[in-house]
Amino acid sequence: MEKSLVVVESPAKAKTIERYLGNNCKVVATYGHIKDLPEKTLGVDIEKGFTPTYICLPKAKKVIAELKKYAKSAKEVFIASDPDREGEAIAFHVAEELEELKKDIKRVLFFEVTKEAIKKAFQNPTNLDQNKYDAQKSRRVLDRLVGYKISPLLWKKVKTGLSAGRVQSVALRIICEREKEIRNFVPKEYWTIKGTFVDDKNNILKAKLEEIEGKKVNLENREVTETVVEELKKCSFYLKNKIEKPRKKTAPAPFITSTLQQEGVKKLSFSTKKTMTLAQMLYEGIDLGDMGRQGLITYMRTDSPRISEEAIESVRNYIKEKYGNEYLSEKPRQFEGKKTAQEAHECIRPTSMELEPEKVKPYLTKDLYALYKMIYDRFVACQMKDAEYNQSIYEIVNREKEQFLFRAKGLTLKFPGFLAVYMDMDEKNESNEETGEKLPNMDENTQLILTDILPEQNFTSPPPRFTEATLVKELEEDGIGRPSTYATIISTLLEKEYVKISDGKFYPTELGCTVSDLLVQGFPEVINVDFTAKMEQKLDEVEEGKVKWNKIVEDFYDKFVIALENAQKTMANLKKTGIVTDVVCELCGRQMVIKYKKGKEFLACSGYPECKNIKNFEKDREGKIVIVKQNEKSGKKCPECGAELIIKRGKFSNFLACERYPECKYTESIKLEIICPLCKSPLVERKSKRGRTFYGCSSYPECKFISNLKPYNEPCPECGNPYLVESTEKKMPFYKCPKRGCKFKKTR
């Protein structure tokens with residue numbers, strides 16, 4: 001009996017689909033793309049309408065041979081790669097390789113890996129979508145032109161191995177411009193005044209001074225504030241207005257790709273890359289024991305919050321049964337996406353309400369479970385009633401002229417609604433800020449005594465640095481790139497050391513800022529937020545069949561080639577001048593610059609050749625320069641020859657060596673004043689191959705204790721763990737217990 005050949009891109013997806021289709025189909029995975037542009041050449045024929053030259057990837061040759069083998073005897077060929085532009089490109093490349101066999105090739109589209117969805121998709125196969133493939137092709141060609149034309153310019157002018165990208169470089173520009181705002185920010189002083197009031201029943205009410213003579217408080221300095229405080233001391237106060245009003249909070253929409261990435265960062269502390277990797281696993285299928293292998297969520301690359309009618313009915317029945325009618329929203333909710341959203345897609349939701357998180361928990365890793373629960377709960381919450389609050393506002397004024405107005409606010413949860421299931425991080429932070437202390441029960445016109453006045457000096461804050469979540473939000477709002485590409489963009493910026501992440505925030509490095517400035521100066525119209533957003537709109541028009549793909553590439557290239565010629569002439573050659581830093585040369589007073597030799601960084605005086613001062617340096621967690629002292633005396637004597645031991649910088653750790661090297665080759669590790677909690681030997685500080693610092697026992701390999709955080713020789717008072725570790729949170733140092741499940745913390 002002839003079998004049908006089904007082609008997918010992932011082996012995990014292949015396993016799940018094969019289980020549903022049975023013995024009549026042979027499912028083969030391509031392991032991603034089988035063809036791409038060549039690595040070492042441009043691969044785009046500019047003279048012939050920007051035609052790309054795709055070649056078979058070396059890793060895919062075995063897969064292609066397997067596809068041809070099964071396709072020869074197959075009754076039908078179905079390509080079931082992902083329902084997006086990348087999936088369509090894979091489908092076209094597979095079809096091209098099987099073209100000589102003259103088989104009837106059908107495209108199968110489904111947005112969840114479930115038995116019902118797959119059965120329906122195979123009953124209604126479609127043709128390959130040329131427009132969608134052209135949209136992917138135009139993006140690939142544009143990115144190749146930008147990357148392969150600008151990157152060599154950076155190698156020539158700055159450092160070999162750097163990269164530029166149409167979207168990546170715009171993301172870098174956004175981070176660097178925010179850093180400039182922060183550095184140029186001038187804090188402005190302002191003061192606030194809080195008062196503590198007491199009534200005749202000893203009820204205490206804390207309130208903030210909001211208005212003076214009908215105008216918003218504007219206390220610019222200490223002198224003005226002290227004048228107001230003196231006047232307040234002379235006044236008597238009463239509760240003029242007691243305002244009670246209801247407030248509602250509507251449930252958030254179900255996840256789309258960008259919001260899933262944002263909430264993964266904020267709620268689960270996952271990177272965008274980790275979130276998408278785990279989501280892919282949940283989509284392609286998990287082995288659930290007796291329940292078989294099943295896809296747990298719908299397709300995770302979507303910009304549409306639309307929900308199918310069947311899914312709405314299923315989740316509403318689930319809410320009725322589990323929480324009761326009082327928690328169910330009055331009408332089924334649908335959510336609107338952006339105008340550019342692909343409405344053929346659905347939101348990211350569980351494939352079946354029967355697969356509750358607790359039910360499948362035994363088959364999931366800790367991280368998979370956390371992500372699945374978050375997706376499941378958010379989907380349930382979107383069809384639940386609003387959360388209802390009672391907001392109380394007390395307005396306190398002085399009896400004489402009523403020129404001073406204090407306000408106290410309280411927020412009480414009346415009905416949890418969707419909060420019984422899901423609270424996003426923004427909602428949690430907002431509730432914490434607004435709820436405050438519970439307001440005492442007071443009547444209007446109650447006489448109040450001002451018992452305490454607290455003036456407080458404040459300064460305006462600069463805009464915050466981007467986190468992965470806020471950067472994704474910024475890129476999405478600006479219409480830059482596709483949410484499915486954000487994880488790759490962020491990974492590239494980190495790999496190229498254009499940015500560092502410290503305390504969850506992006507800090508651009510000197511290299512990152514320099515590259516960004518050079519690209520903006522050389523290509524102002526390309527490395528531009530508006531241009532990149534408009535290009536995304538044009539790619540959407542290609543997919544809709546409104547414009548030819550090579551037309552938008554041609555329009556772009558005509559302007560790009562002129563900018564490229566100008567940049568080659570005008571762009572500064574930092575290989576000669578170096579990247580300017582804030583470090584001052586102690587010999588001549590000039591600024592030092594970062595230079596590169598054989599791929600290694602070092603600091604050199606900008607006054608070279610008059611001043612030949614050079615220094616080695618490292619970068620801290622925020623990417624800032626830290627000078628590495630060479631041959632610093634340790635104060636210890638060599639036990640073999642009695643000479644001074646000096647501190648040397650090794651590849652994986654600093655160590656002590658005899659200053660008489662090479663005559664005396666004695667070395668030893670630098671032992672810390674911290675003992676190993678397991679064997680009581682001194683600990684040493686080391687670096688991994690990736691440059692990360694860790695702490696290990698000096699008795700290795702007899703004792704194999706290691707810790708990523710610096711141990712502190714004090715046992716945990718809660719669980720008895722023999723040591724704590726030093727850490728920081730929002731730049732506040734503290735000690736915490738490293739034992740999983742123990743939440744003990746102690747400020748330093």
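Fair warning: this is a prediction, and the values are worked out from it, not measured in the lab.
Under the side chain to side chain contact (heavy atoms under 4.5 Å, CB included) criterion, Pro38 pairs with Thr41, Ile55, not counting sequence neighbours. Partners of Thr470 under the side chain to side chain contact (heavy atoms under 4.5 Å, CB included) rule, at least two apart in sequence or in another chain, are Phe466, Thr467. Remark: Glu313 pairs with Asn317 by the side chain to side chain contact (heavy atoms under 4.5 Å, CB included) rule, at least two apart or across chains. Ile562 pairs by the side chain to side chain contact (heavy atoms under 4.5 Å, CB included) definition with Asn566, not counting sequence neighbours. Residues passing the ring-ring contact (aromatic ring centres under 6.0 Å, His included) test with Tyr557 are Phe50, sequence neighbours excluded. Here Thr114 pairs with Glu112 under the side chain to side chain donor-acceptor pair (under 3.5 Å) rule; sequence neighbours left out. With sequence neighbours left out, the side chain to side chain donor-acceptor pair (under 3.5 Å) criterion links Glu18 to no other residue.
The cationic group of Lys149 does not satisfy the cation-pi geometry with Phe523, failing either the under 6.0 Å distance to the six-membered ring centre or the 45° limit from the ring axis.
With respect to Glu88 and Arg107, a salt bridge is recorded, a charged nitrogen being found less than 4.0 Å from a carboxylate O. Ionic pairing of Glu177 and Arg173 is present here: one or more N-O contacts between side-chain nitrogen and carboxylate oxygen are shorter than 4.0 angstrom. Contact check on Lys559 versus Glu525 returns no salt bridge, with no Lys/Arg side-chain nitrogen under 4.0 Å from an Asp/Glu carboxylate oxygen. Between Arg482 and Asp540, at least one side-chain nitrogen of the basic residue sits less than 4.0 Å from a carboxylate oxygen of the acidic one, meeting the salt-bridge criterion. A salt bridge is absent between Lys534 and Asp530: the closest approach of a Lys/Arg side-chain nitrogen to an acidic carboxylate oxygen does not fall below 4.0 angstrom. A salt bridge links Asp134 to Lys137: one of the charged nitrogens lies within less than 4.0 Å of a carboxylate oxygen. Checked for salt-bridge contact, Glu536 and Arg139 meet the test: a charged N lies under 4.0 Å from a carboxylate O.
The side-chain contact (heavy atoms from CB on, under 4.5 Å) with Val7 is formed by just one residue from the set Val27, Val108, Thr30; it is Thr30.
Side-chain atoms of Arg144 come within 3.5 Å of backbone atoms of Leu42 as a donor-acceptor pair (strictly under, hydrogens ignored). One N or O on the side chain of Thr257 and one on the backbone of Thr302 form a donor-acceptor pair closer than 3.5 Å.
When only modelled atom types and interatomic distance are considered, Glu468 and Thr272 share a side-chain donor-acceptor pair under 3.5 Å.
Counting only residues at least two apart or in different chains, ring pair (Phe, Tyr, Trp, His ring centres under 6.0 Å) contacts with residues 2-36 are absent. For residues 524-546, the set of pairs meeting the ring pair (Phe, Tyr, Trp, His ring centres under 6.0 Å) definition, not counting sequence neighbours, comprises Phe531-Phe556. Residue pairs meeting the side-chain hydrogen bond (donor to acceptor under 3.5 Å, both in side chains) criterion with at least one member in residues 52-63, sequence neighbours excluded, do not occur. For residues 282-299, every residue pair satisfying the side-chain hydrogen bond (donor to acceptor under 3.5 Å, both in side chains) rule, not counting sequence neighbours, is listed here: Ser10-Glu284, Thr16-Arg293, Asp82-Tyr299, Asp84-Tyr299, Gln280-Glu284.
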Under 3.5 Å, which donor-acceptor pairs link side chains of residues 360-369 to any protein atom two or more places apart or in another chain?
{"residue": "Thr365", "atom": "OG1", "partner": "Leu368", "partner atom": "N", "Å": "3.2"}
{"residue": "Asp367", "atom": "OD2", "partner": "Lys274", "partner atom": "NZ", "Å": "2.7"}
{"residue": "Tyr369", "atom": "OH", "partner": "Glu358", "partner atom": "OE2", "Å": "2.4"}

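Residues Gln168 and Ile489 share a closest heavy-atom pair of CA-CG2, 4.0 Å. Minimum interatomic distance between Lys103 and Ala74 (heavy atoms only, all atoms of both residues): NZ-O, 2.8 Å.
Other residues, nucleotides and ligands contribute only 12 or fewer heavy atoms inside 6.0 Å of the NZ atom of Lys273. The 12-atom threshold is not exceeded at CD of Glu354, counting heavy atoms of other residues, nucleotides or ligands nearer than 6.0 Å. Under a cut-off of 6.0 angstrom, the local environment of CG in Asp558 is crowded, with over 12 non-hydrogen atoms contributed by other residues, nucleotides or ligands.
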Item to check | side chain to side chain contact (heavy atoms under 4.5 Å, CB included) evaluation trace for Ile307 with Gln383 | outcome: CA-CA 11 Å; Ile307 311 171; Gln383 296 297 321; 3.8 Å; yes
